[in-house]
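Data block below; observations after.
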Amino acid sequence: MVQRMPDSVRSRFEKIVRKYLWNDRIIPPVSMEQACASRDSGGLAILDLKSRNEAIDVMWLKDYLSFGPTRATWTKLADDLFARIVRRDCTVPIRDLCVNTFMQDWSPKVSQLPSPLSGILKAAGKFGLRLEAIALSWTILCSMPLWYHAHAVDKPKMRLASRASHLTTCLKETHNLQTVGDFESFCMEFHMPAH
């Protein structure tokens with residue numbers, strides 16, 4: 001997969017291109033946007049590095065959001081990094097319950113992430129990415145994480161239920177409940193009122 005160009009390198013390269021094109025003029029005769037436009041549109045067809053980086057970020061985001069058995073190893077590392085640097089205003093008390101920022105109600109601190117991962121989240125924000133569908137299959141719904149569920153109707157109650165407590169520890173560690181499907185199966189099978 002193609003790597004994005006670091007912003008510092010991109011800005012230095014753009015400065016070199018502007019210097020070459022406009023001979024150090026203070027006010028260039030044509031904007032960089034116009035210079036990057038195609039020749040048919042009256043531009044010089046110069047590679048727009050910012051747009052190229054955004055396109056790369058979107059492709060990485062596509063790979064990151066491809067769930068299933070063939071999901072790339074780096075995406076699991078990204079999930080772990082996102083979960084380690086959760087923003088303070090998200091109030092996530094148990095890091096182990098953070099599975100995926102797009103499927104749950106928490107966000108990582110973008111400024112503390114490596115540039116490829118922060119680029120992914122910035123691209124998601126810029127293009128308005130969110131988990132949404134006309135109709136999700138029952139399999140997909142059952143595989144979504146329950147803890148800090150992004151589409152929980154009563155988010156304050158969901159956060160309260162996710163707090164570190166004896167109940168949460170029992171459900172998470174003893175019964176190994178993580179997804180909506182796990183909880184559904186547990187509720188159908190569990191008949192121990194004294195537990």
Side-chain angles (χ1 to χ4, degrees), residues 1-92 95 98-136 140 144-145 148-151 155:
M1 181 164 265
V2 178
Q3 300 289 322
R4 73 189 314 276
M5 185 179 292
D7 290 336
S8 59
V9 174
R10 179 184 55 82
S11 63
R12 280 194 314 220
F13 188 73
E14 286 174 344
K15 187 175 181 180
I16 291 168
V17 169
R18 281 193 304 270
K19 185 176 181 179
Y20 173 77
L21 286 176
W22 314 129
N23 281 337
D24 286 332
R25 292 185 193 168
I26 296 173
I27 300 174
V30 178
S31 70
M32 275 308 286
E33 290 79 23
Q34 183 60 37
C36 290
S38 67
R39 293 187 189 278
D40 295 340
S41 302
L44 300 172
I46 294 173
L47 180 62
D48 184 351
L49 295 175
K50 186 175 179 185
S51 296
R52 178 186 178 275
N53 270 357
E54 285 179 352
I56 291 169
D57 290 340
V58 168
M59 294 308 293
W60 278 83
L61 182 61
K62 178 183 167 197
D63 278 357
Y64 175 72
L65 293 173
S66 295
F67 298 101
T70 59
R71 190 172 190 222
T73 306
W74 72 265
T75 61
K76 296 168 187 156
L77 177 64
D79 283 336
D80 189 52
L81 285 172
F82 289 153
R84 287 178 186 269
I85 350 180
V86 177
R87 290 186 356 219
R88 284 189 192 143
D89 61 343
C90 291
T91 63
V92 177
R95 190 180 79 212
C98 297
V99 177
N100 185 287
T101 185
F102 293 100
M103 294 192 292
Q104 293 177 294
D105 189 30
W106 57 271
S107 302
K109 297 177 193 170
V110 176
S111 62
Q112 293 184 1
L113 291 168
S115 62
L117 295 181
S118 64
I120 287 172
L121 293 179
K122 288 176 185 174
K126 178 176 180 176
F127 298 109
L129 177 88
R130 61 181 181 261
L131 185 63
E132 193 173 271
I134 294 172
L136 292 172
I140 292 172
M144 293 189 68
Y148 312 111
H149 196 287
H151 298 289
K155 290 188 185 202

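Worth saying up front: this structure is predicted, and the values here are computed from it rather than measured.
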* May I ask you to check whether Tyr64 and Phe82 place their ring centers less than 6.0 Å from one another? =>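 Yes, ring centres under 6.0 Å apart.
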How many angstroms lie between atom [atom1] of [X] and atom [atom2] of [Y], to the nearest 0.5 angstrom?
{"X": "Met5", "Y": "Glu14", "atom1": "CE", "atom2": "CD", "value": "9.0 Å"}
{"X": "Cys98", "Y": "Ile85", "atom1": "SG", "atom2": "CD1", "value": "12.0 Å"}
{"X": "Met103", "Y": "Asp79", "atom1": "CE", "atom2": "CG", "value": "7.5 Å"}
{"X": "Gln112", "Y": "Leu81", "atom1": "CD", "atom2": "CG", "value": "11.5 Å"}

* To do: Answer yes or no: is there a donor N or O on one side and an acceptor on the other, between the side chain of Thr101 and the main chain of Trp106, under 3.5 Å?
  =>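 Pair found, side chain donor or acceptor close to backbone of Trp106.
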* Asn53 side-chain N/O to Arg4 backbone N/O, donor-acceptor pair under 3.5 Å ->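 No, Asn53 side chain to Arg4 backbone: no donor-acceptor pair under 3.5 Å.
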* Asked: Taking all non-hydrogen atoms of both residues, which atom of Arg71 and which atom of Ser66 are closest, and how far apart?
  ->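 In terms of heavy atoms, the two residues are closest at CG-O, 3.2 Å.
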* Asked: Between Ala123 and Asp57, which heavy-atom pair has the shortest distance, and what is it?
  ->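 Closest heavy-atom pair between Ala123 and Asp57: CB-CB, 3.8 Å.
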* To do: Using the side-chain contact (heavy atoms from CB on, under 4.5 Å) rule, take Phe127 and Leu61 through it: C-alpha gap first, then chi angles, then the decisive distance, then the call.
  => CA-CA 11 Å; Phe127 298 109; Leu61 182 61; over 6 Å; no
* Taking the side chain as every heavy atom from C-beta outward, state whether Arg52 and Ile56 have any atom pair closer than 4.5 Å. =>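 Touching, per the 4.5 Å side-chain cut-off.
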* Asked: Mind checking whether Trp60 and Val58 have side chains closer than 4.5 Å, heavy atoms only?
  ->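 A side-chain contact under 4.5 Å is absent here.
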* To do: Applying side-chain contact (heavy atoms from CB on, under 4.5 Å), run through Ile120 and Leu113 and close with a yes or a no.
  => CA-CA 10 Å; Ile120 287 172; Leu113 291 168; over 6 Å; no
Near [X] [atom1], under 6.0 Å, is it more than 12 heavy atoms from other residues, nucleotides or ligands?
{"X": "Lys122", "atom1": "NZ", "value": "no"}
{"X": "Lys15", "atom1": "NZ", "value": "no"}
{"X": "Phe13", "atom1": "CZ", "value": "no"}

Distance-only criterion, 3.5 Å: show the donor-acceptor pairs between side-chain atoms of residues 27-49 and protein atoms not counting sequence neighbours.
{"from": "Ser31", "atom 1": "OG", "to": "Gln34", "atom 2": "N", "distance (Å)": "3.2"}
{"from": "Gln34", "atom 1": "NE2", "to": "Ser41", "atom 2": "O", "distance (Å)": "3.2"}
{"from": "Gln34", "atom 1": "NE2", "to": "Gly42", "atom 2": "O", "distance (Å)": "3.3"}
{"from": "Ser38", "atom 1": "OG", "to": "Ser41", "atom 2": "N", "distance (Å)": "3.4"}
{"from": "Ser38", "atom 1": "OG", "to": "Ser41", "atom 2": "OG", "distance (Å)": "3.1"}
{"from": "Asp48", "atom 1": "OD1", "to": "Lys50", "atom 2": "N", "distance (Å)": "3.3"}
{"from": "Asp48", "atom 1": "OD1", "to": "Ser51", "atom 2": "N", "distance (Å)": "3.4"}
{"from": "Asp48", "atom 1": "OD2", "to": "Ser51", "atom 2": "OG", "distance (Å)": "2.8"}

* **From CA spacing to verdict: salt bridge (charged side-chain N to carboxylate O under 4.0 Å, His left out), Asp7, Arg10** => CA-CA 5 Å; Asp7 290 336; Arg10 179 184 55 82; 3.7 Å; yes
